[in-house]
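First the proteins, then the strands, lettered A, B, ... as listed; each starts at 1.
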2 protein chains.
Amino acid sequence: MTATAAQTSPRKRRGNGAARRIDADEIGLDALVGHAGYAVRRFQIWIFQDFTRTLGDVDIRPTQYSVLTVIGANPGLSQMAVAKRLGIERARLVHLLDSLEQRKLVKRIKSKEDRRSHALHLTAQGATALAKFKRLAAEHERNVEEKIGKENREQLLRILAGFT
Amino acid sequence: MTATAAQTSPRKRRGNGAARRIDADEIGLDALVGHAGYAVRRFQIWIFQDFTRTLGDVDIRPTQYSVLTVIGANPGLSQMAVAKRLGIERARLVHLLDSLEQRKLVKRIKSKEDRRSHALHLTAQGATALAKFKRLAAEHERNVEEKIGKENREQLLRILAGFT
DNA sequence: AAAGATTGTTGTTGACGACAACAATTGTCC
DNA sequence: GGACAATTGTTGTCGTCAACAACAATCTTT
């Protein structure tokens with residue numbers, strides 16, 4: 001009753017009944033092919049690798065880039081606001097900002113209105129650096145386009161727009 | 001020259017020039033909206049959460065499910081073959097199999113042809129369990145469909161088919 | 001003023017990708 | 001046939017990341 005899948009292509013059959021060499025491309029994924037999550041996971045790994053490689057010279061990872069971009073576009077945000085907007089744990093954002101602040105890209109300014117919170121700003125150096133990061137990120141995006149096609153990338157963005 | 005983005009909607013302006021309460025939905029993402037990787041990351045987090053929640057009662061995570069599915073569909077594979085097919089580090093697969101073997105879902109059988117490798121098989125208990133996991137995974141997939149739409153899910157699978 | 005909620009912080013846990021090293025075994029090359 | 005290289009599973013480390021829990025300082029509410 002359950003699906004059978006082992007025999008992707010019955011080529012190269014050998015006489016002996018025992019195990020034979022199996023090429024990776026003839027291993028069936030069975031139910032996995034119908035799961036969006038599996039494809040998305042594999043794609044996301046590829047994307048992050050390409051991003052990390054393309055921004056390797058400037059040593060910026062995807063999450064760091066997203067934090068810098070949001071702070072750059074919305075100066076003065078609190079850590080809570082940034083964390084909530086990007087779906088990052090606020091505990092995790094602490095370490096991210098520690099790193100970015102050590103690199104003089106971001107500064108935490110004590111808020112006068114709410115002395116619990118910090119207003120986040122890019123440093124002048126951070127703004128300059130972010131401009132460069134954006135150029136490299138655009139280059140990465142062109143790699144994505146080259147990989148899956150221009151129309152497919154746009155459809156992807158449209159389909160997933162609700163999650164941003 | 002760089003893009004401006006802070007003012008998503010200029011409502012609720014208050015007289016004072018200082019910081020005001022900022023609702024999460026009015027924080028602009030700036031360049032992030034054009035990045036497929038950001039949308040994919042957010043989507044993947046949602047998918048994994050839903051999968052983990054839907055398969056919560058049976059305590060199976062996405063990676064474990066993928067390993068069980070491939071072994072079930074291709075009995076006798078070596079660890080190397082499974083790792084390569086699923087894009088998992090073979091070092092990581094060792095721990096995954098340790099866990100699955102402890103739970104009596106999978107067994108490692110010493111290969112006669114190549115005494116370095118193990119032939120991986122589901123136990124009878126594992127085969128029964130996998131059938132249940134597949135039913136729950138299908139339920140998760142219906143959640144995905146409900147979330148992004150039937151056609152969008154199919155387009156997604158088609159666009160990302162090359163990464164599986 | 002007291003009680004409760006929020007903000008940033010510290011710490012822990014576990015999943016995960018990436019690497020490096022190693023023993024056992026197999027394949028290759030001369 | 002024997003030295004050398006490659007493969008397989010394993011162990012270990014490192015860094016990223018999501019998920020919690022607890023805490024002090026600081027608002028907010030009542």
Is a side-chain donor or acceptor of B:D30 paired with a backbone partner of B:L32 at a separation under 3.5 angstrom?
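No, because the side chain of B:D30 does not come within donor-acceptor range (under 3.5 Å) of the backbone of B:L32.
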From the set C:dT25, D:dA19, C:dG8, return the single nucleotide nearest to any side-chain atom of A:S78.
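Of all the options, the side chain of A:S78 is nearest to C:dG8.
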Taking any heavy-atom pair under 4.0 Å as a contact, classify [X]: base, sugar-phosphate, or nothing.
X	value
A:I88	nothing
B:R115	sugar-phosphate
B:Q79	sugar-phosphate

In whole angstrom, what separates [X]'s [atom1] from [N]'s [atom2]?
X	N	atom1	atom2	value
B:R108	D:dT10	CZ	P	4 Å
B:M80	D:dT8	CE	P	6 Å
A:L93	C:dT6	CG	C1'	16 Å

Below 3.5 Å between N/O atoms, which protein atoms pair up with nucleotides 11-15 of chain C? Just atom names and distances, please.
residue: C:dA15; atom: O3'; partner: B:R61; partner atom: NE; Å: 3.3
residue: C:dA15; atom: O3'; partner: B:R61; partner atom: NH2; Å: 3.4

Only pairs under 3.5 Å count here: list side-chain donor-acceptor contacts from residues 123-130 of chain A, not counting sequence neighbours, and write none if there are none.
residue: A:T123; atom: OG1; partner: A:K104; partner atom: O; Å: 2.5
residue: A:T123; atom: OG1; partner: A:L105; partner atom: O; Å: 3.4
residue: A:T123; atom: OG1; partner: A:Q125; partner atom: N; Å: 3.4
residue: A:T123; atom: OG1; partner: A:G126; partner atom: N; Å: 2.7
residue: A:T128; atom: OG1; partner: A:A124; partner atom: O; Å: 3.1

Has the side chain of A:R116 got a donor or acceptor atom sitting under 3.5 Å from an opposite partner on the base of C:dG8?
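By the distance-only test, no, there is no pair.
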Test of understanding: with ring pair (Phe, Tyr, Trp, His ring centres under 6.0 Å), list the residues that count as partners of B:H140, not counting sequence neighbours.
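With neighbours one apart ignored, the set is B:F51.
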